[in-house]
Amino acid sequence: MRGTDRTGLAGPLRRALAENGWLPSGGDVPAGSPGATGYVVGVDLGGTKVHAVLYDPVRHRLLDRVERTDPRGGTAVTSQIARMVEELSRDAPAGEAAGWPPRVAVGCPGAPDPVTGAVGHAPNIPGWDDMNVAADLEARLGVRPLMYNDANLAAWGEHVWQPDGGSDLAFVAVGTGVGLGLVLGGRMYTGSRGLAGEVADLPLGADPFDPANLVHGPLEQQVSGGGVERRYQELTGVRRPAPEVLTAATGGDAAAAQVLDELGRLLALALRAIRAIVDPATFVLGGGIGARPETLAATRRWLAVTDGVSPQVRPSTFGPRAAVAGALAAAALS
């Protein structure tokens with residue numbers, strides 16, 4: 001996907017993001033096309049929560065809603081997404097003149113198939129690999145949504161909303177799992193079947209032939225919130241949430257420091273593998289684990305050991321809102 005603003009919404013939406021604190025303050029923010037109309041909805045679906053944001057160009061505002069993801073998956077989740085969009089749009093002036101129905105983009109784990117509408121490689125959303133997700137959402141929303149992998153959308157958002165992002169960018173998300181989004185030559189790159197960026201399957205950190213690693217992938221077994229927690233428990237016998245482990249790593253906890261060091265080492269190896277194939281100008285680390293300053297510092301330290309001079313690696317501009325910011329960009333530029 002290449003970013004072409006046929007609607008005139010990108011400028012006003014970027015201004016709204018800046019005014020709401022999503023983008024750094026300062027610098028010139030384009031005002032966009034006068035009288036641009038059309039509602040834009042971005043949805044970030046994760047294994048634990050759904051975040052939906054509506055941009056209302058009539059009142060120039062962002063409305064958002066966050067809920068826990070329905071654990072039943074399948075049509076329970078598509079119904080949940082449609083209800084959240086409907087609830088957000090209740091106070092928006094309706095009608096064709098106002099640009100209704102909205103443009104909707106959804107980011108989700110796994111690989112949405114543009115032909116069948118199914119979403120593979122998404123074990124946290126049961127049932128989506130056996131149904132036409134896009135068609136089901138269209139029936140509920142009244143409009144065909146754009147469906148993308150959440151890491152791809154996060155990369156797209158960093159590229160579209162940050163003017164200095166360059167044309168080649170790799171977004172590595174580390175949280176519940178690990179994922180990769182690519183923007184190459186100014187286009188979102190998803191591969192022939194939507195599987196580009198499934199870095200969880202890289203043969204790093206664990207045995208790729210062990211059946212236990214065939215669902216989440218060997219890299220994800222170690223480079224994820226669960227991986228951090230398991231490794232700390234192996235060393236100490238104590239189970240602690242991953243954010244606590246990373247905080248303790250800089251506070252004198254030797255076991256936590258070892259876990260952080262191992263995390264940085266594996267992430268550095270993953271970045272080197274990505275660079276060997278696509279050589280992006282910029283790496284962006286995101287997700288609840290990846291965007292933390294401890295993770296960034298440990299990764300940069302190991303990259304300096306292996307490369308001498310580290311490639312450009314920075315934290316996500318949007319933090320936990322990266323995928324939904326990308327979804328808004330995809331919907332606005334569709």
For residues G205 and Q222, report the shortest heavy-atom separation together with the two atoms involved.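 Of all heavy-atom pairs spanning G205 and Q222, the closest is O-CG, 3.3 Å.
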Does atom [atom1] of [X] have more than 12 heavy-atom neighbours from other groups under 6.0 Å away?
{"X": "R240", "atom1": "CZ", "value": "yes"}
{"X": "R72", "atom1": "CZ", "value": "no"}
{"X": "R239", "atom1": "CZ", "value": "yes"}

So does [Y] get a backbone contact from the side chain of [X], meaning a donor-acceptor N/O pair under 3.5 Å?
{"X": "E87", "Y": "R65", "result": "no"}
{"X": "T295", "Y": "I289", "result": "yes"}
{"X": "N20", "Y": "A16", "result": "yes"}
{"X": "D129", "Y": "V119", "result": "no"}
{"X": "N132", "Y": "T116", "result": "yes"}
{"X": "W302", "Y": "D261", "result": "yes"}
{"X": "R300", "Y": "A268", "result": "no"}
{"X": "S79", "Y": "T75", "result": "no"}
{"X": "E220", "Y": "V178", "result": "yes"}
{"X": "T69", "Y": "K49", "result": "yes"}

Which of parallel (below 30°), tilted (30 to 60°) and perpendicular (above 60°) describes F318 and W22?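 Correct class here is perpendicular.
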[atom2] on [Y] to [atom1] on [X], rounded to 0.5 Å:
{"X": "M131", "Y": "D136", "atom1": "CE", "atom2": "CG", "result": "4.0 Å"}
{"X": "D279", "Y": "L184", "atom1": "CG", "atom2": "CG", "result": "10.0 Å"}
{"X": "L9", "Y": "R14", "atom1": "CG", "atom2": "CZ", "result": "15.0 Å"}
{"X": "E86", "Y": "R90", "atom1": "CD", "atom2": "CZ", "result": "5.0 Å"}
{"X": "R230", "Y": "Q221", "atom1": "CZ", "atom2": "CD", "result": "5.0 Å"}
{"X": "I277", "Y": "L182", "atom1": "CD1", "atom2": "CG", "result": "11.0 Å"}

Evaluate the side-chain proximity of [Y] to [X]: yes if any heavy-atom separation is below 4.5 Å, no if none is.
{"X": "L285", "Y": "R292", "value": "no"}
{"X": "V172", "Y": "L271", "value": "yes"}
{"X": "L333", "Y": "W156", "value": "yes"}
{"X": "W128", "Y": "V77", "value": "yes"}
{"X": "E198", "Y": "L180", "value": "no"}
{"X": "L328", "Y": "V53", "value": "yes"}
{"X": "F171", "Y": "H159", "value": "no"}
{"X": "D150", "Y": "D44", "value": "yes"}

Any side-chain donor-acceptor pair under 3.5 Å between [X] and [Y]?
{"X": "T250", "Y": "E294", "result": "no"}
{"X": "E67", "Y": "Q80", "result": "yes"}
{"X": "N152", "Y": "T190", "result": "no"}
{"X": "Q233", "Y": "E229", "result": "no"}
{"X": "S316", "Y": "R321", "result": "no"}

Same apolar cluster: [X] and [Y], side chain cutoff 4.5 Å:
{"X": "V143", "Y": "V58", "answer": "yes"}
{"X": "Y55", "Y": "V66", "answer": "no"}
{"X": "V199", "Y": "F209", "answer": "no"}
{"X": "V115", "Y": "L146", "answer": "no"}

Note: E19-R15 ion pair, threshold 4.0 Å (strictly below):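 A salt bridge links E19 with R15.
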In plain terms, say whether R231 and E234 are close enough for a salt bridge, that is, a side-chain N and a carboxylate O under 4.0 Å apart.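 So R231 pairs with E234 through a salt bridge.
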